[in-house]
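Below is one structure, written out as structure tokens; the observations come after it.
Here is the naming used below: chain letters follow the sequence lines, and residue numbers restart at 1 for every chain. Computed from a prediction, not measured in an experiment: that's the story for all the values here.
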Amino acid sequence: MASRVIMHIDANSAYLSWEAVHRLQHGDSLDLRTVPSVVGGNPETRHGIVLTKSIPAKKFNIKTGETIWEAKAKCPELIIVPPNYSLYMQCSQAFGDVLSGYSPLVEQYSIDEYFVDFSSMHWIYPDPVAAAHSIKNRIRDELGFTVNVGVSSNKLLAKMGSEFQKPDKVHTLFTEEIMEKMWPLSVEELFMVGRATSKKLYDRRIRTIGELAGADPRWLELFLKSHGRLIWNYANGRDASLVRVNRHPVVKSMGNSTTTAFDVDNQREAYLVLLSLVETVAFRIRAAGYCCQLVSISIKDNDFLYRSHQRKLYDPTDCTNLIHRIACELFDELWRGKPLRHLGVSAADLCSNEFLQTSLFDEQNEQQRDVDKTIDSIRKRHGSLAVQRASFLHSGLKPMTGGTGEEAEYPMMSSVL
DNA sequence: TCTGGGGTCCTAGGACCC
DNA sequence: TCTGGGGTCCTAGGACCC
């Protein structure tokens, strides 16, 4: 088999770059990328973390995921802009459209990352590195933001390559370069080695990707189970996964969650928050033509203790009221009275709603489904606030919580490339 | 002045059936 | 009265990704 050519294209500081480009296009004179700045939430509503940072902000040691407050302490003149997800969806789309002009084999991996398979393109683009530069420059010149491109023979190595020096760079990481370019890096730089795994590895004197690659995989499996074998293969640059073109978004679950602006300490308020989450979740599963057969809720108390509870359903459903009723029952079984800062609802075990059995004596009757359908169509036409439940009036809560504004057209990344 | 929100996959333990 | 295994399903929690 001819060797494969895979590219991974990653937008540099995606949210922040897109925000910067958008502002420049709308007459702003300041380019956010040139000053210490972050895209982040609002601390007043307890959403205050850094989502993306500019490169000058990185020089102040500001990290993604830390609080706005910590970031400000490191850099008082830091500029903070709130996220605008529907803008990011559009940028992401435009990004993908450029890539589709190069190869039909394009896979969106997340909002700011794509894989492109160039294996069969060698007679159009005989030099993959030149093609990578062309992609990088075209996106920069036409869309106004920069990307990193990793070029290799599989997805894992291409992805690792795109992480090297940023921004606006092309890097290769072919098999013969692994030893020199990848093995000296610390283990936590390897895809799928996070905090917990890197601690276990460090405890056992494995600090670099090279040391992991040289370890005995059977020994790794003793304390990391199957994950040990996975990261050992990755450390050795082995990955046979394919660029999944036209992959039908086989979504496994749809959920929404929210950190409330204040602690929720009574059942009535909790039910209302759950309702606003279920409104969004149920709307999304109906819009995608699904029914769910598993409802789960999660809570986080004011000590950040996280717990969840779920229930399998006998009849699949996409009905707002029914899902909400189940969520409330699950809540009563789960909650032990501690004030809560976060609630979530998720619908899983999705199936098509095409042949949904309608039983006559439950909440899933024809009328109920018609009501949901009607409300959905009004919301699609006039926005999510066009119809809202009376229970939210004067509640201080949003009638629909969660979601990004637009439906994402791609599946979320999975742990296996 | 604390610490988001969207996902996927894996594991361990218990229930239940044969 | 006291004892098998194997298989599947369900649930809770944890790890990872962006």
- request: Ignoring backbone atoms, establish whether A/N256 has a side-chain N or O less than 4.0 Å from OP1 or OP2 of B/dG6.
  value: yes
query: Is A/K380 salt-bridged to A/D376, cutoff N-O under 4.0 Å?
result: no
query: Just checking A/F304: base, sugar-phosphate only, or nothing, at a heavy-atom cut-off of under 4.0 Å?
result: base
- line: Result for salt bridge (charged side-chain N to carboxylate O under 4.0 Å, His left out) between A/K159 and one of A/E113, A/E107, A/E189 points to A/E113
message: Taking syn as a glycosidic torsion within 90° of 0 and anything else as anti, which one is B/dT1?
response: syn
task: Scan every strand shown for a Watson-Crick or G-U wobble partner of B/dA12, both distances under 3.5 Å, and answer none if you come up empty.
output: C/dT11
message: Here's a test of your reading of the structure: between A/S346 and A/L224, which maps to the more 5' nucleotide of DNA chain B?
response: A/S346
message: With a 4.0 Å cutoff (strictly under), does any side-chain N or O of A/T197 reach OP1 or OP2 of C/dC16?
response: yes
message: It should be established whether A/S308 places a side-chain nitrogen or oxygen under 4.0 Å from OP1 or OP2 of nucleotide C/dT11.
response: no
query: Given C/dC18, is OP1 or OP2 found less than 4.0 Å from the side-chain N or O atoms of A/K159?
result: yes
- prompt: So which nucleotide from B/dG4, B/dG6, B/dT8 ends up closest to the side chain of A/K252?
  reply: B/dT8
message: Pairing check on B/dC18: which nucleotide meets the Watson-Crick or G-U wobble criteria with it, both distances under 3.5 Å?
response: C/dG5
task: Check whether NZ of the Lys or CZ of the Arg A/R23 lies under 6.0 Å from the centre of the six-membered ring of A/W18 and within 45 degrees of that ring's axis.
output: no
Ion pair check, A/K74 and A/E70, cut-off under 4.0 Å: no
statement: Per the glycosidic torsion and the 90° limit around 0, nucleotide B/dC2 is syn
- request: Compare side-chain N and O positions of A/R341 against OP1 and OP2 of B/dT3 and report whether any pair is under 4.0 Å apart.
  value: yes
